[in-house]
Amino acid sequence: MSDNPYSTAVLAWYESNARDLPWRAPDATPWSILVSEIMLQQTPVVRVLPAWRAWMERWPTPAHLAGEASGEAVRMWNRLGYPRRALRLHACAVAITEEHGGRVPDDHATLLSLPGIGAYTAAAVASFAYGQRHAILDTNVRRVLARAETGVQYPPKTQTKAETALAEALLPPTAPVAARWGVAVMELGALVCTARTPACASCPIAGQCAWRLAGKPAYDGPPRRGQTYEGTDRQVRGRLLAVLRDSAHPVAKDALDAVWDDRVQRERALDALVSDGLVDPLDDGRYALPS
DNA sequence: GAGGCGTGGTA
DNA sequence: TTACCAAGCCT
């Protein structure tokens with residue numbers, strides 16, 4: 001009976017309100033769950049769904065992906081955004097195939113050592129795929145805990161030790177319940193305790209929410225500046241990579257030059273793409289996705 | 001540890 | 001329209 005004060009209500013809410021997502025299906029493999037977690041990093045579920053289905057159809061196991069060029073992963077990634085994730089997922093598949101017998105590791109530390117897998121994703125895979133007991137602390141959970149426990153509208157900009165400690169303190173004692181709790185709190189943050197207009201009337205823990213009980217005081221910290229995009233190197237990188245993605249063959253420099261006027265910025269972006277391993281400069285002067 | 005890294009939907 | 005937001009990771 002050392003479960004946290006919210007667990008019963010949140011778990012019951014999840015039972016009847018969880019979305020029917022394919023990576024939550026009983027037959028979802030650890031690999032399919034890992035793929036979903038990488039795709040979901042900073043990307044909404046509705047955009048991940050079709051990409052995930054296509055990816056799993058083409059590469060149902062790590063070995064399938066590891067057998068292809070990394071550029072094919074980048075091409076398949078299409079417009080999901082942050083294409084370095086595709087490169088890292090390919091590198092993950094290679095490492096899993098060559099160093100882990102083709103099986104997604106179930107050990108948190110080993111998962112953490114794989115490319116593109118940080119604290120959140122390692123905990124998510126260990127918990128969602130293998131039913132282990134780990135604190136799940138993503139943007140949704142951080143927001144729920146900020147409101148319910150700390151009594152503020154938004155969590156701090158960067159994750160703190162206090163948040164980690166809180167998430168661990170709230171973790172139910174047994175592994176199966178803890179795993180259920182993690183996905184349930186995330187879902188609550190995604191569907192009810194949302195960033196802009198939380199649906200407190202539908203919240204199973206509204207009666208225990210410190211922020212609501214305090215009258216929902218407005219956020220009073222420094223402005224949380226969103227990232228601009230127009231005119232940034234990120235936009236240029238996106239345009240350059242799109243040219244390569246949409247071409248079945250290597251492209252001439254002219255084709256890349258055409259997508260951005262500012263030569264200095266364009267060259268800087270292209271150099272960065274090459275440096276990141278997303279673009280391969282060929283000996284004949286043309287450019288291609290990596291092999 | 002602050003900043004860089006894509007893309008598109010919504011208010 | 002502009003600004004914010006979306007299951008983070010890496011340097």
Euclidean distance, atom [atom1] of residue [X] to atom [atom2] of [N] [Å, nearest integer]:
X         : N       : atom1 : atom2 : answer
Leu241(A) : dT7(B)  : CG    : C1'   : 12 Å
Gln153(A) : dC4(C)  : CD    : P     : 13 Å
Leu40(A)  : dC5(C)  : CG    : C1'   : 15 Å
Leu21(A)  : dA6(C)  : CG    : P     : 16 Å
Arg47(A)  : dT10(B) : CZ    : P     : 12 Å
Gln235(A) : dG4(B)  : CD    : C1'   : 15 Å
Leu49(A)  : dA6(C)  : CG    : P     : 17 Å
Glu187(A) : dA6(C)  : CD    : C1'   : 14 Å

**Message:** Need to verify one output field. Residue with the more 5' nearest nucleotide on DNA chain B, Val46(A) or Leu278(A)?
**Reply:**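 By nearest-heavy-atom nucleotide position, the 5'-most residue is Leu278(A).
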**Request:** Starting from the 5' end of DNA chain B, give me the residue, Thr158(A) or Arg84(A), whose nearest nucleotide shows up first.
**Result:**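 Result of the comparison: Thr158(A).
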Of all the choices, [options], which nucleotide is nearest to the side chain of [X] once you look at every atom?
X         : options                 : answer
Trp23(A)  : dA7(C), dT7(B), dG8(C)  : dA7(C)
Tyr82(A)  : dA7(C), dA6(C), dG6(B)  : dG6(B)
Thr43(A)  : dA6(C), dC9(C), dG6(B)  : dG6(B)
Arg196(A) : dG8(C), dT10(B), dA7(C) : dT10(B)
Thr121(A) : dC9(C), dC5(B), dT7(B)  : dC9(C)
Arg85(A)  : dG6(B), dA7(C), dC10(C) : dG6(B)
Arg88(A)  : dC5(B), dA7(C), dC10(C) : dC10(C)
Asp138(A) : dG8(C), dT7(B), dG6(B)  : dG8(C)

Under 4.0 Å, heavy atoms only, any strand: does [X] hit a base, just the sugar-phosphate, or nothing?
X         : result
Ala124(A) : nothing
Leu80(A)  : base
Arg245(A) : sugar-phosphate
Ala272(A) : nothing
Arg143(A) : sugar-phosphate

Roughly how far apart, to the nearest Å, are [N] and [M] at atom [atom1]?
N      : M      : atom1 : result
dG8(B) : dC9(C) : P     : 23 Å
dG3(B) : dA7(C) : P     : 23 Å
dC4(C) : dG4(B) : P     : 16 Å
dG1(B) : dA6(C) : P     : 24 Å

Is the phosphate of [N] approached by [X] (side-chain N or O, under 4.0 Å from OP1 or OP2)?
X         : N      : value
Tyr229(A) : dG6(B) : no
Arg79(A)  : dG8(B) : yes
Arg234(A) : dT7(B) : no
Gln42(A)  : dG8(C) : yes

With a 4.0 Å cut-off, would you call [X] and [Y] a salt bridge?
X         : Y         : answer
Glu37(A)  : Arg85(A)  : no
Arg75(A)  : Glu68(A)  : no
Glu267(A) : Lys253(A) : yes
Asp261(A) : Arg266(A) : no

**Test of ring centre spacing under 6.0 Å for Trp31(A) and Trp59(A)** = no
**Request:** Return yes if some donor-acceptor pair links the side-chain N/O of Gln159(A) with the main-chain N/O of Arg142(A) below 3.5 Å, else return no.
**Result:** no
**Prompt:** Given Val125(A) and Val104(A), is the side-chain contact (heavy atoms from CB on, under 4.5 Å) satisfied, shown in steps?
**Reply:** CA-CA 9 Å; Val125(A) 171; Val104(A) 175; 4.2 Å; yes
**Message:** Which is more 5' along DNA chain C, the nucleotide nearest Asn140(A) or the one nearest Leu114(A)? Just name the residue.
**Reply:**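 Nearest nucleotide further toward 5': that of Asn140(A).
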